[in-house]
Amino acid sequence: MAIVETRQLTKSYKKGQANAVDAVDLVSKEGEFLVLLGPSGSGKTTLLRMIAGLEEPTSGDILIGGNVVTHLSPRERRIAMVFQSYALYPHLSALDNICFPLKAAKMPKAERLKKADWAAAMLGIQHLLSRKPRELSGGERQRVAVARAIVREPQLFLLDEPLSNLDAKLRATAREELEQFQKRIGTTALYVTHDQVEAMAMGDRVVVMSKGVVQQIGTPAEVYDDPANTFVATFLGSPPMNLVETEALTVGFRPEHFLPHAETSKASGDLGLSFKFTHEEYLGAERILYGKLDGGRFGGATAVSRVPSTLPQRYQSGAVYPFSVARERLRVFDRASGARSPAMLT
């Protein structure tokens with residue numbers, strides 16, 4: 001296991017353009033599953049590729065296990081990487097694909113077969129070792145790619161959206177398997193994704209990025225419940241956090257906390273809001289209610305509520321209903337910068 005650290009790591013492709021990665025300071029914990037999350041173009045893959053040694057930083061340093069590796073080759077960094085495409089050799093069997101990096105390192109055949117069998121057993125693919133990649137499903141190819149990475153016993157495991165080519169059902173299964181596998185081997189892992197469900201489900205901590213800048217680092221609960229700014233507030237959550245504006249502040253609250261008044265705690269501190277309902281989406285276990293706030297300081301602002309489908313009340317389009325939010329669920333941001341504000345809503 002190893003700790004990976006970046007110090008003011010920056011990548012610029014063209015002078016005069018915004019940096020692809022901008023002065024990123026990051027320190028992992030030993031053995032943790034750290035997820036880099038952000039939209040396309042946020043710099044998360046570029047950051048991962050610099051840590052892997054596949055991109056040369058413009059400035060800054062990379063440390064793995066306390067050693068500066070900024071200008072070392074990928075082989076010298078003792079890392080393993082799994083790509084989105086898996087990059088398996090089509091003419092080789094699964095076994096030969098797994099053994100390939102060991103063969104390239106001139107490991108004796110008996111030893112590399114032993115290591116390949118160990119990795120295959122850990123991932124449950126021993127019965128697939130004789131097959132070629134074209135004979136494997138997407139999930140099976142993903143397991144072969146992971147097995148090929150771990151046989152080298154790296155000190156750092158890097159994964160660049162390895163589940164994005166799988167269908168939704170298989171993706172959920174593979175996500176759980178990959179998370180449990182990482183816990184078993186205990187190797188520090190950095191995982192890139194644009195999928196917030198993957199990030200929240202798998203990560204010990206989540207690094208939220210936008211435009212090459214780290215917006216927030218924290219546990220899934222921390223980045224969801226206490227976003228550092230309006231970008232994090234709206235990027236995480238489906239539907240995202242409701243944001244309504246006053247003169248100087250932006251007030252945020254999650255849709256699941258914006259509920260019919262009869263369903264809230266009715267505490268004296270609750271913020272009562274009138275909700276003009278327009279339409280809903282039925283999603284089985286829950287219903288997503290859409291509308292606008294009616295009257296008061298937030299009148300006219302768009303708002304979304306997420307309620308359990310077990311609630312009996314039905315809503316008429318155009319009608320106004322009493323809703324409320326517990327004040328401890330409100331999050332306040334500076335309207336100009338979008339950063340979290342210590343101010344309280346009065």
Side-chain angles (χ1 to χ4, degrees), residues 1-84 149 152 154-162 182 187-194 196 198-199 202-220 222-223 227-232 235-236 337-340:
M1 294 189 291
I3 292 172
V4 60
E5 180 180 357
T6 67
R7 297 176 180 173
Q8 291 291 292
L9 195 64
T10 299
K11 179 65 179 182
S12 177
Y13 288 103
K14 287 187 179 179
K15 192 174 181 179
Q17 290 187 353
N19 293 332
V21 173
D22 194 359
V24 168
D25 288 318
L26 178 67
V27 183
S28 75
K29 296 177 182 178
E30 196 165 304
E32 83 170 328
F33 199 107
L34 185 65
V35 177
L36 307 179
L37 173 69
S40 178
S42 62
K44 57 190 185 297
T45 293
T46 302
L47 176 58
L48 193 78
R49 288 175 62 84
M50 285 193 289
I51 293 170
L54 302 177
E55 292 271 3
E56 184 74 18
T58 304
S59 61
D61 282 313
I62 303 163
L63 291 82
I64 299 176
N67 300 311
V68 176
V69 300
T70 312
H71 303 295
L72 296 184
S73 68
R75 182 184 295 275
E76 293 171 304
R77 298 184 189 204
R78 284 193 56 217
I79 56 97
M81 190 164 181
V82 176
F83 298 91
Q84 180 178 346
R152 298 171 55 198
Q155 61 178 338
L156 182 62
F157 200 30
L158 306 177
L159 304 103
D160 187 10
E161 305 210 46
Q182 189 271 338
T187 302
T188 303
L190 269 65
Y191 185 101
V192 162
T193 184
H194 65 274
Q196 59 173 290
E198 280 185 11
M202 299 174 73
D204 295 317
R205 287 189 302 155
V206 178
V207 181
V208 185
M209 296 186 66
S210 175
K211 298 179 180 178
V213 176
V214 172
Q215 304 293 317
Q216 186 173 359
I217 303 173
T219 66
E222 287 168 348
V223 296
N229 52 43
T230 52
F231 172 81
V232 179
F235 186 70
L236 288 169
S337 68
R340 187 73 177 271

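Model, not experiment: these values are computed from the prediction. Numbering of residues begins at 1 and proceeds along the displayed sequence.
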Side-chain heavy atoms of [X] within contact of [Y], under 4.5 Å:
X: I3; Y: T188; value: no
X: K44; Y: V207; value: no
X: L156; Y: I51; value: yes
X: D25; Y: R7; value: yes
X: M81; Y: L54; value: yes
X: L236; Y: V206; value: no
X: Y13; Y: T46; value: yes
X: L47; Y: M209; value: yes

Nearest heavy-atom pair of [X] and [Y]: which atoms, and what distance?
X: G203; Y: V35; value: CA-CG2, 3.5 Å
X: G38; Y: F235; value: C-CZ, 3.6 Å
X: G53; Y: P74; value: O-CG, 3.7 Å
X: P220; Y: A199; value: CG-O, 4.4 Å

Any donor-acceptor N/O pair, [X] side chain to [Y] backbone, under 3.5 Å:
X: Q215; Y: N229; answer: no
X: D204; Y: F33; answer: yes
X: T193; Y: L37; answer: no
X: Q155; Y: A2; answer: no

Distance, nearest 0.5 Å, that separates [atom1] of [X] from [atom2] of [Y]:
X: L36; Y: T45; atom1: CG; atom2: OG1; answer: 8.5 Å
X: I79; Y: R152; atom1: CD1; atom2: CZ; answer: 6.5 Å
X: Y191; Y: D160; atom1: OH; atom2: CG; answer: 9.5 Å
X: R205; Y: E32; atom1: CZ; atom2: CD; answer: 4.0 Å
X: E161; Y: E198; atom1: CD; atom2: CD; answer: 7.5 Å
X: K29; Y: L34; atom1: NZ; atom2: CG; answer: 9.5 Å

Per-pair distances, 0.1 Å, donor-acceptor, side chain in residues 57-64, under 3.5 Å, sequence neighbours excluded:
from: T58; atom 1: OG1; to: S12; atom 2: N; distance (Å): 2.8
from: T58; atom 1: OG1; to: S12; atom 2: O; distance (Å): 3.4
from: D61; atom 1: OD1; to: T70; atom 2: OG1; distance (Å): 3.1

Verdict with supporting geometry, M202 and Q182, side chain to side chain contact (heavy atoms under 4.5 Å, CB included): CA-CA 10 Å; M202 299 174 73; Q182 189 271 338; over 6 Å; no
Verdict with supporting geometry, E56 and H71, side chain to side chain contact (heavy atoms under 4.5 Å, CB included): CA-CA 8 Å; E56 184 74 18; H71 303 295; 2.8 Å; yes
